[in-house]
Every structure is written in structure tokens, then in C-alpha cells.
Amino acid sequence: MGVKGFVEGGIASIVAGCSTHPLDLIKVRMQLQGEAHAPNPNPAVHNLRPGLAFHNGTATFPGSINVVRQPPPVRVGPISVGVRIIQQEGVAALFSGVSATILRQTLYSTTRMGLYDILKQKWSDPKTGGNMPLSRKITAGLIAGAIGAAVGNPADVAMVRMQADGRLPQAQRRNYKSVVDAITRMAKEEGITSLWRGSSLTVNRAMLVTASQLASYDQIKEVIIEKGVMRDGLGTHVTASFSAGFIAAVASNPVDVVKTRVMNMKVGPGQKPPYSGALDCALKTVRAEGPMALYKGFIPTISRQGPFTVVLFVTLEQVRKLLKDF
């Protein structure tokens with residue numbers, strides 16, 4: 001029964017991941033918007049008092065340095081980002097890194113779905129018809145998400161880099177040929193530890209996503225059936241899964257933005273990394289771009305999480321029916 005849960009979850013996750021990959025790529029590109037406009041590390045500029053803020057382009061004081069106010073970054077929406085990718089890189093670019101997505105879903109999602117299913121079976125209360133209290137659902141999601149993320153982090157780093165590569169100038173692109181090439185080169189050029197760069201963020205995000213997504217799906221589905229709103233069928237599955245996708249997107253987007261930036265940062269030999277860690281990245285992002293920068297890419301996130309979660313659980317329910325006799 002335990003192995004069956006891994007197989008069912010893995011099949012559903014790969015189908016959902018591949019079908020929504022273009023939306024995930026657009027989300028990553030949007031989350032990296034404005035990253036080049038990080039605060040100037042020059043202490044002479046940072047130590048200016050608020051009373052010396054400049055509202056014009058340049059101000060000069062006797063014996064002082066020129067202070068140039070950088071123009072705000074141009075923000076574009078998900079449709080514009082998608083159109084720009086197609087115009088500049090071609091339609092196939094929307095599926096950049098899809099091999100990494102398949103590997104990530106095979107490692108990460110298969111693990112979390114299978115573990116959650118095992119914990120749900122062990123912790124379910126027979127007195128309530130096999131249902132599990134919400135607190136136990138959340139706990140099971142947190143545990144399954146953490147373990148799944150730790151297993152799948154190398155594929156996650158490769159996926160983010162392959163998706164983001166097209167936004168870089170030609171001379172700076174990594175040009176990974178496949179997920180295997182990406183992981184191999186990262187290990188050789190940056191050390192084996194680079195494969196787990198941002199792993200704390202990946203684990204935190206996975207815990208939030210799995211706990212909110214799987215727990216809320218099961219809970220909403222149970223309530224709909226118990227209240228007699230709909231019977232156990234496609235309508236119930238779509239309603240519960242889309243609601244679960246929205247909850248997961250709201251809970252995980254800030255961590256996802258920081259995770260994307262930490263994983264994508266390029267560190268050359270002997271160079272200081274742009275971010276010293278997750279907290280440093282979050283603080284620099286908020287200082288440079290404002291608090292709402294942590295919700296960059298939310299529209300494509302919910303646009304992706306909604307369909308992803310619907311496809312995931314609808315496919316999962318159908319796979320369970322097909323494999324019920326095994």
C-alpha cells in the first residue's frame with residue numbers, strides 16, 4: 001500500500017508539472033524582475049540621512065560625491081513576460097528546464113505524496129470513517145514536504161537556473177543542455193554543496209505548500225461531501241483542488257521569491273555572493289523593491305498553482321481508480 005501511494009502521487013505530479021511548466025517559467029522570470037536594482041553597497045550613499053534624500057536625478061555638494069538616483073525598474077505582467085519570451089527566444093523557450101521539472105517531480109513530489117499517504121493511513125481515525133483531524137493533516141504535510149524537498153533540491157536548483165537562463169545576456173548564460181548537464185556542471189564548477197543551495201528555503205516552502213495544499217484539499221473535499229453540497233466526483237475534486245491551490249499560493253509566495261533569487265545567484269571563483277543567505281536576500285529585496293516584492297509573480301503563481309493543483313488531484317483520483325485492484 002505504501003509503494004502504491006508513491007506511484008500514484010508520482011504519476012499525477014509529473015503530469016501536472018509538465019502541463020503547467022510554461023506558467024512556472026513565467027513566474028520565475030517575474031520573481032527575478034528588478035533584482036539588478038539592489039541597494040548600492042557604497043556606505044557613503046547608505047549613510048546619508050533621510051533629510052538629504054534627493055528627488056531629482058543628481059545632486060552635488062562641495063567636496064562630496066555625485067549621487068545618482070536610479071530609475072525604478074520597469075515591471076511587466078505575466079502576459080507581457082510570456083509574449084516577450086516567445087518573441088525573443090521562441091515558443092520552445094516556454095519549456096526551458098522541463099527535464100528538470102520531470103526529475104524534480106519524480107524526486108520531490110513523489111516522495112511528499114507517498115509519505116503523506118502513508119502518514120494519513122497510519123493516523124486516520126476509523127471511528128470517523130477513516131478521516132484524519134485537520135491538525136494531523138497539517139503535521140503530515142509538514143513532515144512529508146520537508147523530506148521531499150531535501151531529496152529533490154538538486155533538481156529544483158537546476159530547474160530554476162534553466163528557466164532563468166534566457167533572461168541573461170548571451171555571454172553570461174550557462175547554456176545547460178539538460179538537467180543532468182546542469183547538475184554535473186554545478187557540482188564541478190561550484191562544488192557539490194551548490195546542489196543544495198537554498199535548501200533551507202526549499203524545505204520551508206515545501207512544508208508550507210504540502211501542508212496547505214494536501215491538508216486543505218482533503219479537508220475541503222471531506223466538508224463538501226459531508227455537507228451534501230456535491231457528491232464525490234469530478235466537480236468536488238476540481239473545487240477542492242482549486243481552493244487548495246489558492247491557499248498554497250498565498251502561503252508560499254514570499255518564500256518562493258527568496259528561494260528563486262538565492263538559487264539563481266551566480267557566484268564566480270573568489271567572488272562574494274550577492275546574498276549571504278535567505279534572510280539577507282529577503283531584507284535586500286524589501287529594501288530595494290518594497291515589501292510587495294515578496295509577492296512578485298503572484299498572478300502567474302496562482303495561475304500555475306490553480307491548474308497544477310487541479311490537474312494533480314484530478315489525475316491522482318483517476319490513477320487511484322485505475323490502480324485500486326493492485
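Note that this is a predicted model, so its numbers are computed, not measured.
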*Start with the C-alpha gap between Thr210 and Arg112, add the side-chain angles, then the distance that decides, and say whether side-chain hydrogen bond (donor to acceptor under 3.5 Å, both in side chains) holds.*
CA-CA 8 Å; Thr210 306; Arg112 73 181 182 118; 3.3 Å; yes
_Could you walk me through whether Glu317 and Lys221 satisfy the salt bridge (charged side-chain N to carboxylate O under 4.0 Å, His left out) test, starting with their C-alpha distance in whole Å, then the side-chain angles of each, then the deciding distance to 0.1 Å, before giving a yes or no?_
CA-CA 12 Å; Glu317 298 286 357; Lys221 176 184 169 184; 2.8 Å; yes
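The backbone N or O of Thr236 lies less than 3.5 Å from no partner atom in the side chain of Thr239, so there is not a single donor-acceptor pair. Side chain of Thr110 to main chain of Leu107: no donor-acceptor pair is present (N/O by atom type, distance under 3.5 Å, no hydrogens or angles). Proximity of a side-chain donor or acceptor of Trp123 to a complementary backbone N or O of Ile118 within less than 3.5 Å is not detected. Looking only at distances, no side-chain donor or acceptor of Lys120 sits under 3.5 Å from a matching main-chain atom of Ala140. Looking at Asp165, its side chain does come within 3.5 Å of a backbone N or O of Asn175 through a donor-acceptor pair. In this structure, the side chain of Lys284 engages the main chain of Pro274 through a donor-acceptor pair within 3.5 Å.
For the salt bridge (Lys or Arg N to Asp or Glu O under 4.0 Å) condition, the pairs that include at least one residue of residues 25-34, sequence neighbours left out, are Asp24-Lys27, Lys27-Asp256, Arg29-Glu89. Listed by first and then second residue, the side chain to side chain donor-acceptor pair (under 3.5 Å) pairs that reach into residues 93-102 are His21-Thr101, sequence neighbours excluded.
Of all heavy-atom pairs spanning Val255 and Leu201, the tightest one is CG1-O, 3.6 Å. Heavy-atom minimum distance, Leu208 versus Ser252: CD1-CA, 4.5 Å. Here the closest heavy-atom approach between residue Lys296 and residue Met30 is recorded as CD-O, 3.7 Å. The shortest heavy-atom contact between Thr315 and Val311 is OG1-O, 2.6 Å. Nearest heavy-atom pair across Ala248 and Gln213 is CB-CB, 4.1 Å. Taking all atoms of both residues into account, the shortest heavy-atom contact from Ala244 to Ile220 is N-CD1, 4.5 Å.
Taking hydrophobic clusters as Ile, Leu, Val, Met, Phe, Trp and Tyr residues chained together by side-chain heavy-atom distances below 4.5 Å, Met159 does not share a cluster with Val262. Taken together through direct or relayed side-chain contacts under 4.5 Å among Ile, Leu, Val, Met, Phe, Trp and Tyr, Leu103 and Tyr176 form part of one hydrophobic cluster. Note on Ile192 and Val160: same hydrophobic cluster, where clusters join Ile, Leu, Val, Met, Phe, Trp and Tyr whose side-chain heavy atoms are under 4.5 Å apart, directly or indirectly. In the hydrophobic clustering of this structure, Phe313 groups with Phe6; members are Ile, Leu, Val, Met, Phe, Trp, Tyr whose side-chain heavy atoms approach within less than 4.5 Å, directly or through other members.
Ion pairing of Arg104 with Asp156 is present here, as a side-chain N (NZ or NE/NH1/NH2) and a carboxylate O approach within less than 4.0 Å. Comment: Glu190 does not engage Arg185 in a salt bridge, judged by the lack of any side-chain N to carboxylate O separation of less than 4.0 angstrom. A salt bridge is defined here as a Lys NZ or Arg NE, NH1 or NH2 lying under 4.0 Å from an Asp or Glu carboxylate O, and Glu189 with Arg174 fails to meet this definition. A salt bridge does not link Glu222 with Lys227: every distance from a Lys NZ or Arg NE/NH1/NH2 to an Asp or Glu carboxylate oxygen is 4.0 Å or more.
Ser199 and Asn153 form no side-chain donor-acceptor contact under 3.5 Å, judged by distance and modelled atom types alone.
For the atom pair OG1 (Thr111) and CD1 (Ile147), the distance works out to 8.5 Å, reported to the nearest 0.5 Å. With values rounded to the nearest 0.5 angstrom, Gln163 atom CD is found 11.0 Å from Met263 atom CE. Between atom OG of residue Ser303 and atom CZ of residue Phe298 there is a gap of 9.0 Å, rounded to the nearest 0.5 Å. Between the OG atom in Ser109 and the CD1 atom in Ile11 there is a gap of 13.5 Å [rounded to 0.5 Å]. Note: Thr202 OG1 to Trp196 CH2 = 11.5 Å, rounded to the nearest 0.5 Å. Distance OG1/Thr309 to NE2/His237: 14.5 Å, rounded to 0.5 Å.
Sparse packing is recorded around CZ of Phe242, with 12 or fewer heavy atoms of other residues, nucleotides or ligands lying under 6.0 Å away. The local environment of CD1 in Ile79 is sparse, with at most 12 non-hydrogen atoms from other residues, nucleotides or ligands closer than 6.0 Å. Other residues, nucleotides and ligands contribute over 12 non-hydrogen atoms within 6.0 Å of the OH atom of Tyr295.
Because its NZ or CZ atom is both nearer than 6.0 Å to the ring centre of Phe308 and within 45° of the ring axis, Arg304 counts as a cation-pi partner of that residue.
Between Leu23 and Thr301, the closest side-chain pair of non-hydrogen atoms is not below 4.5 Å. At least one side-chain heavy atom of Met265 sits less than 4.5 Å from a side-chain heavy atom of Arg197.
The other members of the hydrophobic cluster of Val203, by chain and number, are Leu134, Ile138, Leu142, Met207 (side-chain heavy atoms under 4.5 Å, ILVMFWY only).
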